[in-house]
Amino acid sequence: MRITRTVAETRSAVAELRGKGALGLVPTMGALHAGHISLVRAARAACHAVVATIFVNPTQFGPNEDFSKYPRTFDADCALLEAEGVDLLFAPEPAEIYPEGFSTVVEVEGISDRLDGHSRPGHFRGVATVVAKLFNIVAPDKAFFGQKDAAQVAILRRMVRDLNFPLELVVCPIVRDPDGLALSSRNRYLSPGDRQSALVLHRTLHRIEARAAAGETDTAALLDAGLAALADEPGVRLDYLRIVDPNTLEDVPTLRHGALVAVAAWVGPARLIDNVLIPPRP
Ligand code: PAF
């Protein structure tokens with residue numbers, strides 16, 4: 001696996017990989033876990049060559065967020081990517097992505113203020129900007145993202161459509177531990193007790209999903225059932241529990257057309273997110 005640090009090096013390494021079949025891109029912030037590996041495997045299966053990126057993007061963190069303590073495990077990440085047959089890893093320093101005087105951003109308006117965008121102002125501007133830059137640098141045929149960041153997926157889909165990026169955005173299912181906890185780099189912040197408490201997120205989504213499967217379509221009633229499940233863990237501080245349209249992230253009154261049930265909460269020092277997609281009713 002070749003490792004590049006600059007845009008110029010990356011462009012010339014990508015040029016050597018191009019032309020023999022589809023080129024896949026897996027953007028990450030490192031601290032890799034089995035969720036990331038599932039993206040790499042999906043890319044490997046669908047593409048001739050796979051480019052991964054590791055960049056802890058400062059512009060998607062708020063001033064009081066965890067940018068400085070975000071886990072950085074570069075050597076272990078490289079070993080995992082190498083073992084999965086990644087062809088190229090682009091791991092730039094912040095100054096390579098945001099050189100002196102950088103002043104252009106990508107703002108996916110409206111939708112970027114919903115769910116995590118509401119709680120983390122500016123977060124999705126940072127995500128859209130860095131992902132647009134990675135798309136321009138690598139020019140992949142397919143780019144792979146996890147469904148766990150459902151709001152990120154909706155925003156990037158909109159960006160790809162609105163700015164005519166000539167690529168397919170591939171969304172891979174959430175990977176969970178056997179007890180249901182969605183994998184996240186931030187799970188490393190959890191003490192054993194926090195980790196146990198964090199299971200309430202999955203239980204909450206599961207309760208809503210079960211009520212929906214039993215025929216309940218009224219989202220207010222479903223949210224009440226979810227909030228009751230969350231109340232079992234008073235130590236978990238809810239940020240939001242919403243039932244929204246998965247494309248617009250706007251609240252929906254019924255499940256008739258399918259919906260995204262999304263939750264975010266603070267568990268100890270970690271802000272965790274999780275979600276489930278409810279299919280449309282016949
Ligand atoms: O999902 C992530 O890890 C990040 O938001 C991404 C897409 C790599 C952009 O920094």
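No experiment lies behind these values; they were computed from the predicted model shown. Just follow the structure's listing: the first ligand is 1, and inside any ligand the first atom is 1.
With a heavy-atom cut-off of 4.0 Å, Thr28 touches ligand 1 through its backbone alone.
Taking the ring centre of Phe74 as origin, the terminal cationic atom of Arg5 falls inside the region bounded by 6.0 Å and 45° from the ring axis. Relative to the six-membered ring of Phe67, Arg120 misses at least one condition, a distance below 6.0 Å or an angle of at most 45° to the axis. A cation-pi arrangement is not found for Lys133 relative to Phe102, the charged atom failing to lie both closer than 6.0 Å to the ring centre and inside a 45° cone about the ring normal.
For ligand 1, the atoms closer than 4.0 angstrom to any heavy atom of Val130 are 9 (C), 10 (O). Interface atoms of ligand 1 facing Gln152, defined by a heavy-atom separation under 4.0 Å, are 1 (O), 2 (C), 4 (C), 5 (O), 7 (C). Using a 4.0 Å cut-off to heavy atoms of Gln60, the atoms of ligand 1 that qualify are 4 (C), 5 (O), 9 (C), 10 (O).
Remark: Arg211 CZ is loosely packed, at most 12 non-hydrogen atoms of other residues, nucleotides or ligands lying under 6.0 Å away.
Taking atom 3 (O) of ligand 1 as the reference point, the nearest protein heavy-atom neighbour is Met29 CG, 3.7 Å.
Relative orientation of the Phe135 and Phe165 rings is perpendicular, given thresholds of 30° and 60° on the angle between their planes.
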